[in-house]
Amino acid sequence: MTSASVLVRATIAFFLAFYFSAVFADALTDRARRLLEQKQPQQAYDLLLPQEGARAGDAEFDYLLGIAAIDAGHPERGVFALERVLAVQPNNHVARAEIARAYLALGERDSARREFETVRQQQVPPDVKAAIDQYLSAIAASDVTQVTGFVELGAGYDTNVNAATGSSQLAVPSLGGAIFTLDPTATRREDSFTSLAGALNVTHKVSREWALVGTAAGAQKWNTHADQFDTMTLDGTLGARWSSGDNAITLAGQFQDFELDNRRFRETQGGIVQWQHALDARSQGTLYAQFANLHYPTQDIRDANRSVIGAAYGKVFSGSLSPVLFVSVYGGTEKPQADDVPFLGDDLYGVRLGGQLRLALGWTLFGNLAFERRDYGGEDPTFLVTRRDNQSDATAGVSYLLRPAITLIGQVAYTSNDSNIQINQFNRTVSTLSLRWSF
């Protein structure tokens, strides 16, 4: 048994003794308490869980269920139960300390640290403070090098795998309005698909204020029939972060390789500078600037420099549903490197809005909306108009925590690109069911 496990069990014993000093008349909770004291959390969890629908909201019941869930290896469900305790007893420092322990089991170190520090500032016995200090020290030690990531396997259906127009014919103004029939590969194709994605995030602290940060990610999509539109994306980020108090500044290089049909389609190299400021314990503001060089190996004429600046705001609300809301606005330009193709570049601006609700028993509802306007830099020589696009995106989904670190995710994403040039106008719906392993 590790020293951390010994510490956890010792802390549980102390908290249980502190909380259960009163005599309970409820036979169900009394039996669950005895099972926990006998270090049989799974039996206590199995006893209490069937009664959750009827007893949820009873602070005593929810507290016991929360402890049993955490110790039986179901920290997410423990969080839900303990959140109900805190909703009716916000000053229950023992429940708050236990929910911090649940966050730690889920790998949410920042949330765990925040809750432990909140309890430590209260009038609690010295032994409790000592136990919390040991937890905080363990979190700080683990924060020297953090490695997190995920692997996700999915399958779904895409109504427009090539993001193409649904029209089979179009008029070409530069040729006197002649009507042309498009090649089938240039029109909308729908297909089922499988996908594989993953990411690895590393943070290594080199001092109290400085840390090295890096990310490697990849995503592959295989279409069942239209395999000429199979895609693969590889992303990498490497940089440094300075943080002090409520502020953090990150400077990083960004790299991306996008392949279509197993051929390199676009290469991106650039960088980002980002400033994050914690407005309070539950909200954060962000400012960022991003630059990227876009290179198309088989279409050099499309090479461009892209610059974007933006601002974002995020907030975690209190309450049983733990609502999360974020919004961001941005603007920028994509300027062709060649001098004689202004119609390939554009000025852009957009807004994104999203959030999530943590539902009961491991369920989370999430969604986001986005809009981007692109005004191109000159008249298209084929269609004799200056292109304008209005792209709208909407995503809605639900996730279910099957067990710690394994999540089932179902989502539907819709994209509509409204363009004044017919060949650039399209609609697309992608439905996906995936299984994610987090670490």
Which heavy atom of [X] sits nearest a heavy atom of [Y], and at what distance?
X      : Y      : value
Ile70  : Ala102 : CD1-CB, 3.6 Å
Gln337 : Ala304 : NE2-O, 3.6 Å
Pro342 : Asp340 : CD-C, 3.4 Å
Asn162 : Ala186 : ND2-C, 4.4 Å
Gly410 : Leu433 : CA-CD1, 4.1 Å

Does a donor on one side chain sit under 3.5 Å from an acceptor on the other, for [X] and [Y]?
X      : Y      : value
Tyr313 : Gln284 : no
Asp418 : Asn390 : no
Ser167 : Gln422 : yes
Thr224 : Ser192 : yes
His277 : Asn247 : yes
Glu152 : Ser434 : yes
Ser322 : Glu83  : yes
Gln425 : Thr165 : no
Thr29  : Glu60  : yes

(request) Return yes when atom CD of Glu209 has more than 12 non-hydrogen atoms of other residues, nucleotides or ligands closer than 6.0 Å, and no otherwise. (result) yes

Rounded to the nearest 0.5 Å, how far apart are [atom1] of [X] and [atom2] of [Y]?
X      : Y      : atom1 : atom2 : result
Phe383 : Phe343 : CZ    : CZ    : 11.5 Å
Thr386 : Asp380 : OG1   : CG    : 8.5 Å
Asp389 : Phe426 : CG    : CZ    : 8.5 Å
Tyr400 : Leu408 : OH    : CG    : 9.5 Å
Gln220 : Glu259 : CD    : CD    : 8.0 Å
Arg306 : Asn293 : CZ    : CG    : 13.0 Å

(request) Determine, stepwise, if the pair Arg189 / Asn160 fulfils side chain to side chain contact (heavy atoms under 4.5 Å, CB included). (result) CA-CA 5 Å; Arg189 298 281 302 276; Asn160 195 345; 5.8 Å; no

(request) Measure from the ring center of Phe150 to the ring center of Phe439 and say whether it is less than 6.0 Å. (result) no

[X] bridged to [Y] by N-O distance under 4.0 Å:
X      : Y      : answer
Asp375 : Arg373 : yes
Asp261 : Arg263 : yes
Glu372 : Arg374 : yes
Arg84  : Glu52  : yes
Glu267 : Arg264 : yes
Asp71  : Arg101 : yes

(request) Give a yes or no answer on whether the side chain of Asp62 reaches the backbone of Gly57 with a donor-acceptor pair at less than 3.5 Å. (result) yes

(message) Tell me whether Thr395 contacts the main-chain N or O of Ala413 through its side chain, where contact means a donor paired with an acceptor under 3.5 Å.
(response) no

Are [X] and [Y] close enough that some pair of their side-chain heavy atoms sits under 4.5 Å apart?
X      : Y      : result
Val430 : Phe193 : yes
Leu234 : Phe255 : no
Phe80  : Arg358 : yes
Thr415 : Gln391 : yes
Leu36  : Pro41  : yes
Val273 : Thr250 : no
Thr233 : Gln256 : yes
Asp280 : Ser283 : yes

(request) Evaluate the ring planes of Tyr296 and Phe265, with Trp represented by its six-membered ring, and classify them as parallel (under 30°), tilted (30 to 60°) or perpendicular (over 60°). (result) perpendicular

(request) Please name the residue in the list Asp158, Asp227, Asp191 that meets the salt bridge (Lys or Arg N to Asp or Glu O under 4.0 Å) test with Lys221. (result) Asp158

(message) Would Lys315 and Phe317 count as a cation-pi pair here, with the cationic atom under 6.0 angstrom from the ring centre and within 45° of the axis?
(response) yes

(message) Applying side chain to side chain contact (heavy atoms under 4.5 Å, CB included) to Tyr288 and Gln276, what does each step give before you reach the verdict?
(response) CA-CA 9 Å; Tyr288 67 91; Gln276 295 172 300; over 6 Å; no

(request) Please report the C-alpha distance between Glu76 and Leu106 in whole Å, then the side-chain angles of each, then the deciding distance to 0.1 Å, and finally whether the side chain to side chain contact (heavy atoms under 4.5 Å, CB included) criterion is met. (result) CA-CA 7 Å; Glu76 176 81 8; Leu106 288 167; 3.6 Å; yes

(message) Working note: Thr286 + Gln274, criterion side chain to side chain contact (heavy atoms under 4.5 Å, CB included); need CA distance, chi angles, decisive distance, verdict.
(response) CA-CA 7 Å; Thr286 302; Gln274 176 178 272; 3.6 Å; yes

